> 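Pasting a structure below so you can have a look.
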Amino acid sequence: MSVASYLCYPHLMRKVLTRAFFDRSAERVARELLGMYLVRRIGTREEAFRIIETEAYVGPHDLACHAAKGLTKRTEVMFGPAGRFYVYFVYGMHWMLNIVTEREGYPAAVLIRGIEGAIGPGRLTKRLAITGVFNGAKAVRESGLWFEDRGTAPSPRTIRKTPRIGVAYAGKKWARKKLRFVLVAPASQTSRR
DNA sequence: ACGATGATGAAC
DNA sequence: TTCATCATCGTA
């Protein structure tokens with residue numbers, strides 16, 4: 001494959017996001033995951049979905065973050081190294097997919113809330129057949145679930161910041177923080193004037 | 001608009 | 001033991 005091919009067909013660029021990408025603040029990771037791809041492999045079948053909605057849960061002081069409860073059996077994955085999935089069950093029905101961020105020992109994560117074709121964290125996991133078996137797994141090819149940079153980073157002007165969904169219990173300060181990131185023009189790769 | 005779903009952890 | 005939760009679907 002020549003360099004020219006990549007220039008003509010930017011989607012052929014496929015760079016798997018490694019631990020270093022996630023070993024940063026949850027807020028930055030949440031913002032930069034917009035436009036990246038979540039890739040799922042089941043057997044030999046592979047599907048990639050552009051990420052269009054995320055939320056950052058920024059640490060133990062963030063009262064909306066499960067880690068604010070401290071180290072428990074459920075939250076222990078968040079206390080581990082970055083680049084692993086934190087998957088938990090809510091409301092007796094839905095699996096929520098998060099990716100752990102920050103250094104080992106500092107609990108923080110990004111909730112993947114929406115991909116093209118499946119808006120909503122519960123719908124997304126159902127669509128990709130993601131359950132608790134992914135909890136603690138590394139986001140690498142071998143796991144069957146990973147992230148890729150396909151060279152389609154969105155223009156900053158297509159990114160919206162809003163308060164997170166369903167976190168009123170966290171108190172005004174944390175419920176109001178704009179830690180939800182939404183890509184409003186998923187198809188466009190560059191800014192429009 | 002509201003009830004059902006049913007793991008986890010905190011409050012009681 | 002009871003209650004609320006990082007939703008969603010079916011029924012009214």
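These numbers come from the heavy atoms of this one structure, side chains and all, not from hydrogens, waters or symmetry mates. Note on naming: letters A, B, ... go to the chains in the order of the sequence lines (proteins, then strands), and numbering restarts at 1 for each one. Quick caveat: nothing in here was measured; it's all calculated off a predicted structure.
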> Measuring only between side-chain heavy atoms, which start at C-beta, is A/Arg24 closer than 4.5 Å to A/Glu32?
yes
> Send over the distance from A/Met96 CE to B/dG9 C1', rounded to a whole Å.
17 Å
> So, A/Phe21 versus A/Phe147, ring centres under 6.0 angstrom or not?
no
> CZ of A/Arg113 versus C1' of C/dA7: gap in Å, rounded?
9 Å
> Test the A/Arg164-A/Tyr57 pair against the cation-pi criterion, namely NZ or CZ under 6.0 angstrom from the six-membered ring centroid and within 45° of the ring axis.
yes
> Grab the N/O contacts between the protein and nucleotides 6-8 of chain B below 3.5 Å, and write none if there aren't any.
| residue | atom | partner | partner atom | Å |
| --- | --- | --- | --- | --- |
| B/dG6 | O4' | A/Gly92 | O | 3.4 |

> What's A/Leu111 touching, base or sugar-phosphate or nothing? Going by heavy atoms closer than 4.0 Å.
base
> Separation of A/Arg180 atom CZ from C/dA7 atom C1', in whole Å?
14 Å
> Are any non-hydrogen side-chain atoms of A/Arg113 and A/Pro121 less than 4.5 angstrom apart?
yes
> Restricting to side chain to side chain donor-acceptor pair (under 3.5 Å), what partner residues turn up for A/Thr75, sequence neighbours left out?
A/Thr72
> What I'd like to find out is whether the side chain of A/Ile115 reaches to under 4.5 Å of the side chain of A/Leu128, using heavy atoms alone.
yes
> Main chain of A/Ile130, side chain of A/Arg40: is a donor-acceptor contact present, judged purely on distance under 3.5 Å?
no
> Could you tell me the separation between the NE2 atom of A/His94 and the C1' atom of C/dG10, rounded to a whole number of Å?
12 Å
> Would you list the pairs meeting side-chain hydrogen bond (donor to acceptor under 3.5 Å, both in side chains) in which at least one residue belongs to residues 79-106 of chain A, sequence neighbours left out?
A/His66-A/Tyr86
> By a strict heavy-atom criterion of less than 4.0 Å, which residues belonging to residues 120-134 of chain A are in contact with DNA chain B?
none
> Using 4.0 Å as the upper bound for N to carboxylate O, is an ion pair formed by A/Arg123 and A/Glu53?
no
> So, applying side-chain contact (heavy atoms from CB on, under 4.5 Å) with A/Leu97, which one of A/Val110, A/Leu124, A/Leu111 is it?
A/Leu124
> Could you tell me how far B/dG9 sits from C/dT8 if I compare only their C1' atoms? Round to whole Å.
23 Å
> On a whole-Å scale, what distance lies between the P atoms belonging to B/dT5 and C/dA12?
15 Å
> How far does the P atom of C/dC9 sit from the matching atom of B/dT8, given to the nearest Å?
23 Å
> Which residues pass the side chain to side chain contact (heavy atoms under 4.5 Å, CB included) test with A/Lys161, sequence neighbours left out?
A/Glu27, A/Lys178, A/Phe181
> Taking Watson-Crick and G-U wobble pairs with both distances under 3.5 Å, convert DNA chain B into its dot-bracket string, 5' to 3', dots for unpaired and | for cross-strand pairs.
|||||.|||||.
> How long is the line joining CD1 of A/Ile119 and C1' of C/dA7, in whole Å?
14 Å
